[in-house]
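Accompanying notes for the structure given below.
Keep in mind that what you see is a predicted model, and the values were worked out from it rather than measured. Chain letters run A, B, ... following the sequence lines, proteins first and then strands; every chain starts at 1.
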Number of protein chains: 4
Amino acid sequence: MPSRPAKRRPATAASRPNRDRPALRPQRSVGRERVANLMIAAADVIRERGFDAATMAEIAERAGAKVGSLYRFFPSKEVLADALMQRYADLIDAACDEIDARLSALAADELADLFVNFFVKIHHESGALTALLEARSHWSAKRLEFREQALKRFVNTLLLRAPALPRKTARDMAVVLLNNMKTMVAMTVDKSAPTSPGSADELRFMNRLYLASKLAGFER
Amino acid sequence: MPSRPAKRRPATAASRPNRDRPALRPQRSVGRERVANLMIAAADVIRERGFDAATMAEIAERAGAKVGSLYRFFPSKEVLADALMQRYADLIDAACDEIDARLSALAADELADLFVNFFVKIHHESGALTALLEARSHWSAKRLEFREQALKRFVNTLLLRAPALPRKTARDMAVVLLNNMKTMVAMTVDKSAPTSPGSADELRFMNRLYLASKLAGFER
Amino acid sequence: MPSRPAKRRPATAASRPNRDRPALRPQRSVGRERVANLMIAAADVIRERGFDAATMAEIAERAGAKVGSLYRFFPSKEVLADALMQRYADLIDAACDEIDARLSALAADELADLFVNFFVKIHHESGALTALLEARSHWSAKRLEFREQALKRFVNTLLLRAPALPRKTARDMAVVLLNNMKTMVAMTVDKSAPTSPGSADELRFMNRLYLASKLAGFER
Amino acid sequence: MPSRPAKRRPATAASRPNRDRPALRPQRSVGRERVANLMIAAADVIRERGFDAATMAEIAERAGAKVGSLYRFFPSKEVLADALMQRYADLIDAACDEIDARLSALAADELADLFVNFFVKIHHESGALTALLEARSHWSAKRLEFREQALKRFVNTLLLRAPALPRKTARDMAVVLLNNMKTMVAMTVDKSAPTSPGSADELRFMNRLYLASKLAGFER
DNA sequence: AATGAATGAGAATTCATTCAT
DNA sequence: TATGAATGAATTCTCATTCAT
């Protein structure tokens with residue numbers, strides 16, 4: 001009974017294992033399209049199954065690709081998740097920019113609604129956001145970073161609107177707003193738990209109430 | 001010429017005649033203690049790792065038991081989760097009973113705080129609740145049932161307090177409150193995302209604001 | 001404070017999205033060879049131990065493969081059995097074609113012998129046939145299909161030889177012949193029960209007697 | 001991390017392990033009834049699922065007993081199977097006695113029919129016979145012994161009827177007859193494979209033909 | 001560069017059998 | 001004695017990741 005066959009070449013120190021490499025940024029348009037498709041597929045699968053249950057094989061298949069291709073661009077599942085998070089961070093940045101530009105023209109309630117619908121809009125485009133935020137299995141640095149970055153942008157927008165607001169208060173508010181955004185996604189997008197549209201209205205109402213109350217007296 | 005001794009019957013995981021059996025009620029005190037330990041361990045592991053990533057082996061080990069014992073009482077991971085959910089449902093029932101008894105003596109803000117801290121208190125006792133509610137992998141009937149039951153109890157309490165409230169409105173409010181409860185757990189108990197205590201205060205404030213506003217004019 | 005590294009996603013056997021996929025057709029020559037070896041090994045192990053007692057691990061090992069490879073091509077034990085059955089169905093088809101071609105040149109006794117040795121010849125090539133036909137654990141559709149297909153071919157051959165035979169009679173005869181084929185395998189190939197060669201002669205004799213008697217008067 | 005707890009007392013040489021003990025022959029009527037029920041349940045389960053797939057737990061449950069009781073009377077699955085086989089051997093003995101008594105009054109065809117229906121009648125009473133004969137997993141001595149004993153009885157009856165028959169021929173015939181008995185069970189009792197009643201008629205016909213042909217000239 | 005194949009390290013689940021009360 | 005509980009060794013199946021052509 002021969003002992004197990006020796007492990008396949010154990011990745012010599014020289015040959016840096018693949019997974020530490022960051023996501024590949026393809027140069028040619030065909031490559032960029034492929035990456036886009038892979039990320040869409042990944043978002044879909046992760047939304048449907050959750051991060052843990054999503055398999056690289058299904059993601060590749062959903063994108064009409066082979067796992068090999070998937071691994072060419074995203075050397076590990078973690079990196080793929082990170083890339084998605086980065087994408088969401090960028091989307092949030094852009095949306096905040098847009099809000100900031102119109103900020104002085106917005107009524108408080110409008111601002112509140114824009115906030116609360118933030119993630120829903122992102123979800124509309126690529127829906128793995130909440131699934132990734134929930135995933136306990138590996139709170140990668142990237143995911144914490146995302147949270148941080150999002151909060152900072154929200155704080156920034158809040159302070160732009162109400163400069164007299166203490167920064168610390170703004171930060172705590174941002175945390176609450178972020179959770180409301182997640183809740184709104186759960187209530188309007190997730191099909192699993194049956195929720196009447198009325199509850200989304202309630203959430204919107206609560207969010208308006210809260211923001212109006214907090215901004216009152218601090219607004220420019 | 002097969003020389004090995006005949007193998008025992010393959011414990012074919014495929015033909016699982018067992019999985020659908022409900023959780024076994026232990027008969028003897030040693031069994032009751034074991035079940036209690038198993039549920040504590042399960043709650044711990046599921047909280048820490050999430051439902052998908054929690055393994056039956058770790059749960060058993062943490063309870064000082066062998067998987068065989070775990071499976072004796074809980075014939076599948078699903079059933080184990082369902083048993084936990086049932087436990088939480090019972091806890092909620094009891095807590096609602098308590099609130100209902102004191103209801104007329106409570107200020108609106110006190111009521112709001114009791115609501116928002118609901119899950120935190122449960123978490124304190126057994127912390128897998130939010131992890132289970134998040135688990136996408138299998139929205140088992142039991143889990144939906146739990147949601148439904150919890151919502152019904154909240155509606156009941158709300159209507160007790162404000163009988164003039166339309167039932168449908170109460171239901172939508174309950175959904176929002178439930179999400180606030182989950183958020184509060186995330187903000188105060190989960191150690192993964194660093195959150196200042198201030199944000200919990202903000203959430204409490206928002207919740208008070210909301211409840212007060214909705215109950216105003218409807219209260220007994 | 002969980003310190004262990006986050007575990008890989010539990011390869012939950014419960015959520016098997018794979019099992020129902022048909023056997024994979026290998027693309028490369030190395031894959032084809034592997035599949036061939038796996039089927040040989042499977043037939044051997046199933047013959048020796050019976051379907052239930054045969055384990056995927058032993059099959060893989062006997063083929064010099066890892067279970068992972070086995071499952072790549074045959075996503076479940078059922079599918080593996082089905083693939084073997086399909087193989088046997090093809091062999092039977094081919095053998096019937098051959099008999100049909102020579103049919104008019106055959107004496108009735110020769111035909112009877114060809115029939116009764118049918119399964120023995122198949123067994124010689126790949127010996128899981130009777131073990132699979134016996135397996136009670138899961139009368140998969142494929143296995144019933146096999147039976148049906150084999151019976152149809154036998155009926156066809158019988159009617160070719162004796163066109164005046166009522167189809168229903170031919171069908172009933174085919175069932176008897178099929179059982180004789182199985183018996184012949186048991187008597188000549190299985191090493192478990194000690195049987196003298198004389199009993200095979202007796203079976204052959206009975207089969208001749210039967211066929212001659214039934215065909216008499218109906219032959220072309 | 002303490003190593004695994006020491007195995008529970010490893011059955012000292014003094015305390016002869018249970019499984020070598022033969023089946024308990026209960027003295028009191030209540031015990032005899034319990035054993036009878038257990039054997040009926042065992043036969044049912046084994047017939048339905050096959051020997052390998054039958055579990056001691058299901059057998060006990062089907063008999064309205066606990067596994068502990070089952071093991072009290074049958075110290076292992078093997079012993080249980082052996083007890084069933086012994087039962088079948090006794091039934092066959094009795095049936096042969098009966099045939100022998102009427103032998104001179106029987107037409108050859110009647111004798112043939114009695115033979116071919118042998119196992120069906122037994123099956124009617126307790127149906128695990130063919131399942132046990134098929135079970136490859138452990139060709140225990142008892143099972144071979146059964147075969148031997150049955151064959152001997154058949155030979156005996158054949159020689160009683162046709163004393164001039166060479167003993168060796170009678171033995172080979174008995175093997176064929178035994179297989180026909182099994183086939184008849186498969187065709188008339190097993191519900192899995194759909195078989196028309198006509199095929200049973202064919203089998204009966206073949207069996208008559210064969211026996212008549214073989215006995216001709218040798219009969220008393 | 002694309003991709004079919006390999007694989008190792010689990011993970012869920014089962015069950016014959018033995019104990020202890 | 002009856003029976004609830006314990007257990008350990010198997011067994012099926014999964015999947016992230018790496019190779020070789």
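- Between B:Glu78 and C:Val30, the residue whose closest nucleotide on DNA chain E is further toward the 5' end is C:Val30.
- For the pair C:Arg143 and C:Phe51, the cation-pi criterion (under 6.0 Å, within 45° of the ring axis) is fulfilled.
- With hydrogens and angles ignored, the 3.5 Å screen pairs a side-chain donor or acceptor of D:Lys77 with a backbone N or O of D:Ala54.
- Straight-line distance from the NZ atom of C:Lys66 to the P atom of E:dT7: 5 Å, rounded to whole Å.
- Atom CD of B:Glu61 and atom C1' of F:dT7 are 15 Å apart (whole Å).
- Along DNA chain F, the nucleotide closest to D:Ala65 and the one closest to C:Pro75 are compared, and the more 5′ of them pairs with D:Ala65.
- Proximity note for C:Val67 (side chain, C-beta onward) versus F:dT11, E:dA9, E:dA16: the nearest is E:dA9.
- Where C:Leu70 and D:Gly68 each meet DNA chain E at their nearest nucleotide, the meeting point lying more 5' is that of C:Leu70.
- With rounding to whole Å, C:Arg21 atom CZ is found 12 Å from F:dC15 atom C1'.
- For B:Arg34, the listed nucleotide lying nearest its side chain is F:dA6; candidates were E:dC15, F:dA6, E:dA5.
- Using a cutoff of 4.0 Å between basic side-chain nitrogens and carboxylate oxygens, B:Glu58 and B:Arg49 are scored as salt-bridged.
- Remark: P of F:dT18 and CE of A:Met56 are 10 Å apart, rounded to the nearest angstrom.
- Remark: C:Tyr71 is not in phosphate contact with F:dT14, judged by side-chain N or O atoms under 4.0 Å from OP1 or OP2.
- Taking atom CG of B:Asp52 as the reference point, atom C1' of E:dA12 lies 13 Å away to the nearest angstrom.
- With hydrogens and angles ignored, a donor-acceptor pair closer than 3.5 Å exists between the side chain of B:Arg28 and the base of F:dT3.
- Spacing between atom CD of C:Glu58 and atom P of F:dT11 amounts to 9 Å, rounded to whole angstrom units.
- An OP1 or OP2 oxygen of E:dA6 is reached within less than 4.0 angstrom by a side-chain nitrogen or oxygen of C:Ser69.
- Side-chain N/O atoms of A:Lys77 include one lying less than 4.0 angstrom from OP1 or OP2 on F:dA16.
- Within 6.0 Å of CD in D:Glu61 there are 12 or fewer heavy atoms belonging to other residues, nucleotides or ligands.
- For the pair A:Ile59 CD1 and F:dA16 P, the interatomic distance rounds to 8 Å; values are reported in whole Å.
- In this structure, CZ of D:Arg72 is placed 17 Å from P of E:dT17, rounded to the nearest angstrom.
- Ion pairing of C:Arg28 with C:Glu33 is absent here, as no side-chain N (NZ or NE/NH1/NH2) approaches a carboxylate O to less than 4.0 Å.
- When both pairing distances are held under 3.5 Å, F:dA6 makes a Watson-Crick or G-U pair with E:dT17.
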